[in-house]
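Remarks on the structure that follows.
Small disclaimer: the values here were computed from a predicted structure and weren't measured. The first residue of the sequence shown is numbered 1, and numbering continues consecutively from there.
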Amino acid sequence: MLIVGTDKLQNLPNTLTLPNVIEPLSTLPEQDLARRPDLQSAYYNIQAKHYLVDVSYKELLPSISLSASLSDLASTPSQALLTSPMWSLLGSLSAPLFEGGALRAQVDIAKLNAEQAFWQYQDTLLSAVNEVENALGQEQSLTEQQLQINNALASAKRSFSNYQSKYQQGLVDILDLLTVQQKVYDLQAQLSQINYTLLTNRIDLGLALGLGVSS
């Protein structure tokens with residue numbers, strides 16, 4: 001209910017005091033997205049796949065079990081004529097040669113997995129850059145809207161004060177005064193919504209930049 005002469009619109013609360021989610025963008029340090037968990041995970045996945053490639057290459061190399069070979073040595077000269085450790089060594093050396101095709105296939109598979117990990121990292125990086133770009137664009141747009149609504153609200157308040165004075169003098173109708181008052185309320189509601197959206201977007205921007213994540 002409007003009580004003329006006592007209801008001062010300028011004394012009503014404008015918008016709630018909202019927290020500062022992040023510092024102004026101009027004061028943020030240069031970001032390289034290195035603290036994003038998804039990028040770190042994708043990068044370490046590349047390293048892991050490359051290690052598997054190295055393991056697959058090493059599988060192509062023959063391994064020699066000296067203890068098994070030396071155990072074939074005879075304890076007597078006669079037994080030495082019938083048993084030769086060279087056969088055991090030859091078996092150890094020739095095994096990768098017979099399995100070479102399968103082992104080389106494993107190498108190719110490991111290399112393909114490493115390449116796929118690289119492309120997955122690239123996709124993750126592009127998504128991260130897009131998230132930051134979108135959040136920055138939204139930040140700029142919302143900041144401009146916030147400024148425009150603040151200016152419109154200040155103008156509407158001045159208009160209401162003027163209409164209130166004229167109403168007290170009997171120069172304008174009560175409906176005209178209520179119309180101006182409603183406009184002020186609408187602008188206050190819009191400003192509150194813009195502030196909420198701006199702070200929500202700043203949270204998204206902080207997450208996109210990897211802020212708050214320990215390196």
Side-chain angles (χ1 to χ4, degrees), residues 1-44 120-215:
M1 180 177 180
L2 178 65
I3 304 177
V4 179
T6 59
D7 182 23
K8 299 294 186 181
L9 193 63
Q10 56 269 27
N11 294 331
L12 294 178
N14 184 0
T15 55
L16 295 177
T17 301
L18 299 174
N20 292 323
V21 176
I22 61 173
E23 299 179 18
L25 293 178
S26 58
T27 63
L28 281 177
E30 182 178 353
Q31 299 295 318
D32 58 6
L33 305 181
R35 289 185 290 183
R36 283 182 60 116
D38 54 347
L39 283 177
Q40 291 184 9
S41 175
Y43 174 74
Y44 290 135
Q120 290 174 358
Y121 174 83
Q122 186 179 54
D123 289 341
T124 304
L125 179 59
L126 290 176
S127 298
V129 172
N130 286 333
E131 288 177 10
V132 172
E133 184 178 359
N134 292 336
L136 288 174
Q138 187 79 344
E139 169 81 16
Q140 182 178 3
S141 175
L142 290 172
T143 301
E144 292 175 356
Q145 294 179 45
Q146 185 185 50
L147 178 61
Q148 293 174 1
I149 293 178
N150 269 320
N151 292 337
L153 180 59
S155 177
K157 284 184 175 181
R158 290 193 298 268
S159 179
F160 173 78
S161 180
N162 185 34
Y163 268 78
Q164 190 177 45
S165 177
K166 289 182 178 180
Y167 175 75
Q168 291 172 348
Q169 299 173 25
L171 300 178
V172 296
D173 188 84
I174 183 63
L175 294 178
D176 296 330
L177 181 61
L178 292 176
T179 300
V180 177
Q181 185 183 46
Q182 184 62 47
K183 183 177 181 180
V184 174
Y185 289 156
D186 291 342
L187 288 171
Q188 286 179 328
Q190 292 180 35
L191 184 59
S192 295
Q193 182 61 42
I194 286 292
N195 288 337
Y196 171 79
T197 307
L198 181 61
L199 296 181
T200 301
N201 183 72
R202 287 184 175 179
I203 293 175
D204 294 338
L205 176 58
L207 293 175
L209 291 172
L211 299 179
V213 180
S214 301
S215 57

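Side-chain contact between V132 and L136 is present, with heavy atoms from C-beta onward closer than 4.5 Å. Looking at heavy atoms from C-beta onward, Q148 lies out of side-chain contact with Q190 at the 4.5 angstrom threshold.
The environment of Y121 atom OH is dense: over 12 non-hydrogen atoms of other residues, nucleotides or ligands sit within 6.0 angstrom. Residue-environment remark: CD (Q182) exceeds the threshold of 12 foreign heavy atoms within 6.0 Å.
No side-chain donor-acceptor contact under 3.5 Å links S161 to the backbone of K157. Of the possible polar contacts, one joining the N134 side chain to the N130 backbone as a donor-acceptor pair under 3.5 Å is found.
Of the residues L153, N151, N150, the one that meets the side-chain contact (heavy atoms from CB on, under 4.5 Å) test with L187 is L153.
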side-chain contact (heavy atoms from CB on, under 4.5 Å) between L147 and T143, worked out: CA-CA 6 Å; L147 178 61; T143 301; 5.9 Å; no
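Residue R35 comes nearest to Q40 through the heavy atom pair CA-NE2, 3.5 Å, listed as atom of the first residue, atom of the second, then distance. In plain terms, the two heavy atoms of A128 and L39 that are nearest each other are CB-CD1, 4.2 Å. Smallest separation of non-hydrogen atoms from T124 and A42: OG1-CB, 4.3 Å.
With rounding to the nearest 0.5 angstrom, the CD1 atom of I194 is 11.5 Å from the CD atom of E144. Annotation: the span from L207 atom CG to D38 atom CG amounts to 10.5 Å, rounded to 0.5 Å. Rounded to the nearest 0.5 Å, atoms OH (Y196) and CG (N201) are 12.0 Å apart. Between the OG1 atom in T200 and the CG atom in L142 there is a gap of 9.5 Å [rounded to 0.5 Å]. Taking CG from L125 and CZ from R36, the interatomic distance works out to 9.0 Å, rounded to the nearest 0.5 Å. For the atom pair CD of E131 and CG of D204, the computed distance is 8.5 Å after rounding to the nearest 0.5 Å.
Here S159 pairs with Y163, V180 under the side chain to side chain contact (heavy atoms under 4.5 Å, CB included) rule; sequence neighbours left out. With sequence neighbours left out, D173 forms a salt bridge (charged side-chain N to carboxylate O under 4.0 Å, His left out) with no residue at all.
The salt bridge (charged side-chain N to carboxylate O under 4.0 Å, His left out) pairs that include a residue from residues 174-200 number zero, where partners must be two or more places apart or lie in different chains.
Between the side chains of Q145 and S141, a donor-acceptor pair is found at a separation under 3.5 Å.
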